[in-house]
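In what follows, every chain begins at residue 1, and chains take the letters A, B, ... in the order their sequences are listed. This one's a predicted model, so the numbers in the text were calculated from it and none came from an experiment.
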Amino acid sequence: MTRPTPISGFPEWLPPQRMIEQYVIDHIRRTFELYGFAPLETRAVEPLDQLLRKGETSKEVYVLRRLQAGEGETDEDALGLHFDLTVPFARFVLENAGKLTFPFRRYQIQKVWRGERPQEGRYREFLQADIDIVDRDTLPPHYEAEIPLVIGDALGSLPIPPIRIQVNNRKVCEGFYRGLGLTDPEAALRAVDKLDKIGPEKVAALLMETAGADDQQAAACLRLAEISAPDASFADRVRALGVTHPLLDEGIDELVRVVETAAEHAPGLCVADLRIARGLDYYTGTVYETQMIGYERFGSICSGGRYDNLASAGNDRFPGVGISIGVTRLLGLLFGAGALTASRAVPTAVLVALPTEERRAECDRVAAALRGRGIATEVAPSAAKYGKQIRFAERRGIPFVWFPGAEGGGDTVKDIRSGDQVDADAATWSPPAGDLRAAVAGA
RNA sequence: GUGGCUGUAGCUCAGUGGUAGAGCGUCAGGUCGUGGCCCUGAAGGCGCCGGUUCGACUCCGGCCAGUCACCCCA
């Protein structure tokens, strides 16, 4: 039998990496809860037509079906694995609107699936950490300013490279394009979005081809896209372009608020960047993208935006704003660069050495006493020579080895990194706080 | 999903139309019955399948995986 091989796009980490992932997840979750977001998990599947609704075209959705599909099952019954957490959440809000209180803020940390072609930082199964705030009928714009602060806190204190959140507002672009006289702002947006990749000349050509722009309009679109500022000064530069439209003013005001709020609470975190157009097509206002500094070429590790029409049924409307951290991408990139490591390969903090097999019960009692005080402990697998037992610990990164005392003697514990060995009592000894759990460190 | 590039031991890499090596790592033993250095030894491999050939790891094709671009996006 040949060795099994990986499945493309479905990453599996080894325990040290999984320990880091859990550390990161815990940290993110704590931060989300610190801001009052409530936990939620939704099922893995949604009706296929719901998943395809707003993207219409080639959303790479994985379809779920039974092997023994019945005769009566039609396409309308088909289920698909969700490809983000926002669409399922919108559905959940509509389904449970009567049981929720608004504004409702929740976080969701779950796997999502997309049938794309994998490459570094791009997977078919990956973990997202998502927050959203929805309200009934109207959603005040201050929430759009709060979202980046949460992310800044969640990611800012992890041992990862600093991040920069690029913010734009689709109303600015659409208002600008309309004020310019363009009738297909969507097409213009798509063209401008390629600026980084294909350069201004080709974008201009694309604008004229696909968005019906003339020379001057294309040039104006490019001038807008080139505007970027860490503060509200972008607004003057936009107005200086001389285009007016009510939607443009609205967008500028909203964007100013986001940038100014961020500048006060987290200087350097956010930058208004008027070329950012991306995200799913359901975004209607503010949009966010996040780069890890030094890893820009791998794309956004956290993005989202405001959506006014995603959750609506009949007269009920629940506008929302949210953002999603691509945990798997974030980690995959850093693992690939060797820029994130754990201090040990197992959770164990103490290995209890075993002098002889006859004394195993005694060693088990030591381990139980330590565990009882929250210290991760295991007992050596066999009564090998102490040198081997120490090596057992060393290879796993276990920092402490506990030596049961000889007849009449007390126990000792050794920090195998420093070699220091001291008398210890299992009822009272504790490792330094920093050694209680595996430490996660950046490069 | 389309196209390009890549695929030799756990890792980083040599190498050849006549079935293969190094360093590091792993395991065992020795020195020390409390490790790391050192010494000795061992295990372990040409991604998979097929074709060409007397013979393929080496050439060709398909598949799988990785990566890059497109697409899309975390």
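The separation of A43(B) from U8(B), taken at their P atoms, amounts to 22 Å, rounded to a whole angstrom.
Look at CD1 on Ile165(A): it is 14 Å from P on A74(B), rounded to the nearest Å. The CD atom of Gln108(A) sits 15 Å away from the C1' atom of A74(B) (whole-angstrom rounding). A straight line from CD of Gln389(A) to P of G36(B) spans 15 Å, rounded to a whole angstrom. Remark: C1' of G35(B) and CG of Asp415(A) are 13 Å apart, rounded to the nearest angstrom. Whole-Å rounding puts the Asp196(A) CG to C72(B) C1' distance at 16 Å. In this structure, Glu120(A) atom CD and G66(B) atom C1' are separated by 10 Å, rounded to whole Å. Taking atom CD of Gln17(A) as the reference point, atom P of G10(B) lies 17 Å away to the nearest angstrom. Regarding Gln119(A), its CD atom lies at a distance of 8 Å from the P atom of U67(B), rounded to whole Å.
Among the protein residues, Gly9(A) comes within range of the sugar-phosphate backbone only, with heavy atoms under 4.0 Å from sugar or phosphate atoms but none that close to a base. Heavy atoms of Ile416(A) sit under 4.0 angstrom from at least one base atom.
Residues Leu370(A) and Ala426(A) share a closest heavy-atom pair of CD2-O, 3.9 Å.
Put simply, Ser8(A) has a side-chain N or O that comes within less than 4.0 Å of OP1 or OP2 on G66(B). In this model, the phosphate group of A74(B) is approached by a side-chain N or O of Ser303(A) to a distance below 4.0 Å at OP1 or OP2. Phosphate proximity of C70(B) to Lys197(A): present, with a side-chain N or O under 4.0 Å from OP1 or OP2.
Evaluation of atom-type donor-acceptor distances gives no pair under 3.5 Å for the side chain of Arg122(A) against the base of A74(B). Taking 3.5 Å as the limit, the base of C71(B) and the side chain of Arg117(A) contain no donor-acceptor pair of atoms between them.
A residue-by-residue look at Gly115(A) and Ala384(A) shows that Gly115(A) has its nearest nucleotide of RNA chain B further toward the 5' end. Between Ile325(A) and Phe10(A), the residue anchored nearer the 5' end of RNA chain B, judged by the nucleotide with its closest heavy atom, is Phe10(A).
Between Glu33(A) and Arg30(A) there is no salt bridge, since no side-chain N of the basic residue sits under 4.0 Å from a carboxylate O of the acidic one. Ion pairing between a basic and an acidic side chain is recognised when a charged N comes within 4.0 Å of a carboxylate O; Arg105(A) and Glu146(A) show such pairing. Salt bridge present: Arg18(A) and Glu21(A) bring a charged side-chain N and a carboxylate O closer than 4.0 Å.
Of the candidate nucleotides C64(B), G35(B), C68(B), C68(B) has the atom nearest to the side chain of Phe298(A). For Thr412(A), the side-chain atoms get nearest to U34(B) when compared with the rest of C71(B), C64(B), U34(B).
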Which dot-bracket notation, 5' to 3', represents the base pairing of RNA chain B when pairs are defined as Watson-Crick or G-U with both distances under 3.5 Å, crossing pairs as [ ], and inter-strand pairs as |?
-> (((((((..((((....[..)))).(((((.......)))))....(((((..]....))))))))))))....
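The aromatic rings of Tyr307(A) and Tyr283(A) sit tilted relative to each other, their planes meeting at an angle between 30° and 60°. Using a 30° and 60° split on the angle between ring planes, Trp13(A) and Phe335(A) fall in the perpendicular class, above 60°.
When side chains are defined from C-beta on, Ile147(A) counts as touching Ile133(A), because their heavy atoms get closer than 4.5 Å.
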Let me have a per-nucleotide readout for nucleotides 23-32 of chain B, 5' to 3', with B, S or -, counting only protein heavy atoms under 4.0 Å.
-> ---SSSS--B
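Arg417(A) forms a cation-pi arrangement with Phe400(A), by the criterion of a distance under 6.0 Å to the ring centre and an angle within 45° of the ring axis.
Looking at Arg329(A), its side chain does come within 3.5 Å of a backbone N or O of Ser300(A) through a donor-acceptor pair.
Aromatic ring centres of Phe104(A) and Phe318(A) lie farther apart than the 6.0 Å criterion allows.
Remark: ring of Tyr123(A) not stacked against base of A74(B); the cut-offs of centroid gap under 5.5 Å and plane tilt under 30° are not jointly satisfied.
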